[in-house]
Number of protein chains: 2
Amino acid sequence: MTNNFHMGTNYLLKVITGKWKVSIICALGLKDYRYLELLKYENDVNHTKISKKVLTEQLNQLEEDGIVTKKSYGTIPPKVVYSLTPIGQELSKHLINLNFLGENLAQVNQANISFDINAQQVKNLHKEEQDKN
Amino acid sequence: MTNNFHMGTNYLLKVITGKWKVSIICALGLKDYRYLELLKYENDVNHTKISKKVLTEQLNQLEEDGIVTKKSYGTIPPKVVYSLTPIGQELSKHLINLNFLGENLAQVNQANISFDINAQQVKNLHKEEQDKN
DNA sequence: CCGAATCCTAAGCGATACTG
DNA sequence: CAGTATCGCTTAGGATTCGG
């Protein structure tokens with residue numbers, strides 16, 4: 001065992017670090033998605049809002065890193081379908097395996113396992129409330 | 001299977017996201033470390049420099065998240081020893097399991113798997129060169 | 001020897017508006 | 001439908017200095 005026995009792990013972590021990437025990979029592990037369909041799914045399952053800009057960013061990075069592929073049908077209106085590469089499929093299985101350990105840890109830590117909303121989003125919620133009045 | 005089958009994974013990822021955390025966990029998986037000893041180890045194995053502030057931050061977060069524990073001997077000069085919790089031990093095994101997949105992915109992507117140095121560090125290297133002249 | 005305090009920069013994320 | 005472009009806020013990480 002060399003000194004660098006964790007470098008592969010580190011690289012992998014870098015590839016999947018990003019607020020929505022795990023969620024995206026796990027979603028695509030079950031079925032392929034079109035762009036807006038995926039956007040809607042992410043919003044629903046995580047009970048918060050992901051912007052199109054960020055979804056595009058994360059998908060592009062995952063594509064660049066060999067986790068997802070996209071197929072564009074040259075139609076109008078456009079149709080683009082995202083799916084996992086073989087290695088992306090394998091990764092999604094590993095991620096789901098980690099879920100049990102993560103839930104276990106969250107329970108020990110008495111942590112809230114749902115998605116966080118940040119300060120800016122709280123401000124916006126406040127603003128929405130005020131705009132109603 | 002609920003819609004939230006990846007939330008535990010996401011929580012776990014959040015806990016281990018941080019430039020040095022994987023490296024720290026894997027190191028402590030092999031043996032316990034004192035503070036400066038760990039600092040030196042991280043610098044050596046990653047061929048770059050980790051500041052004491054950041055090491056302290058990451059250790060504190062890992063402690064708060066139930067991955068590491070520290071034991072202070074009340075001596076002068078101080079002696080503090082860091083080690084993994086049981087769940088931290090389990091985590092380190094999972095991380096090492098991911099190493100193969102990560103190396104595999106890096107090879108497919110023809111990516112350089114070593115630690116990156118960032119723009120600021122490049123600037124500092126330049127500065128050092130210039131200061132010699 | 002083991003940190004805490006301060007200051008700084010770069011990157012990530014989000015809201016919103018616009019386009020082929 | 002599937003994205004870009006622009007802007008602003010927040011956070012992570014690093015350099016450096018000080019303290020018990």
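We name chains A, B, ... by the order of the sequence lines, and we start the count at 1 in each one. Basis for what follows: all heavy atoms, side chains included, without hydrogens, waters or symmetry-related copies.
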Query - Check: Lys53(B) side chain, dG3(C) base, donor-acceptor under 3.5 Å - result: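 Under the 3.5 Å cut-off, the side chain and the base do not form any donor-acceptor pair.
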Taking only side-chain N and O atoms of [X], does any of them lie within less than 4.0 angstrom of OP1 or OP2 on [N]?
{"X": "Lys19(B)", "N": "dG14(D)", "value": "yes"}
{"X": "Lys70(A)", "N": "dG3(D)", "value": "yes"}
{"X": "Gln58(A)", "N": "dC13(C)", "value": "yes"}
{"X": "Tyr82(B)", "N": "dG3(C)", "value": "yes"}
{"X": "Arg34(A)", "N": "dC1(D)", "value": "no"}

Query raised in the report: Do Glu42(B) and Ser23(B) have side-chain atoms, one donor and one acceptor, less than 3.5 Å apart?
Result: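 A pair is found: one side chain offers a donor N or O, the other an acceptor, under 3.5 Å apart.
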Query raised in the report: Under 3.5 Å, is there a donor-acceptor pair between the Lys19(A) and Gln58(A) side chains?
Result: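 The answer is no; no qualifying pair exists.
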Query raised in the report: Out of dG14(C), dG3(C), dC1(C), which has the shortest distance to the side chain of Pro77(B)?
Result: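 The listed nucleotide nearest to Pro77(B)'s side chain is dC1(C).
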Report task. Could you please name the option among dG3(C), dG14(C), dT16(D) that lies closest to any side-chain atom of Ser51(B)? Result ->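 When the side chain of Ser51(B) is considered, dT16(D) is the closest of dG3(C), dG14(C), dT16(D).
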Query - Separation of atom OH in Tyr33(B) from atom P in dC1(C), rounded to whole Å - result: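 One finds 17 Å between P of dC1(C) and OH of Tyr33(B), rounded.
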Query raised in the report: Does one hydrophobic cluster hold both Val68(B) and Leu39(B), with members joined at side-chain heavy-atom distances below 4.5 Å?
Result: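 Yes: a chain of side-chain contacts under 4.5 Å links Val68(B) to Leu39(B).
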Report task. Just call it for Val80(A): base, sugar-phosphate, or nothing, with non-hydrogen atoms closer than 4.0 Å on any strand. Result ->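 The residue Val80(A) makes sugar-phosphate contact but no base contact.
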Requested in this report: Just jot down the ring pair (Phe, Tyr, Trp, His ring centres under 6.0 Å) partners of Tyr82(A), sequence neighbours excluded, or say none.
Outcome: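 Testing Tyr82(A) for ring pair (Phe, Tyr, Trp, His ring centres under 6.0 Å), a comparison that skips the adjacent residues, returns none.
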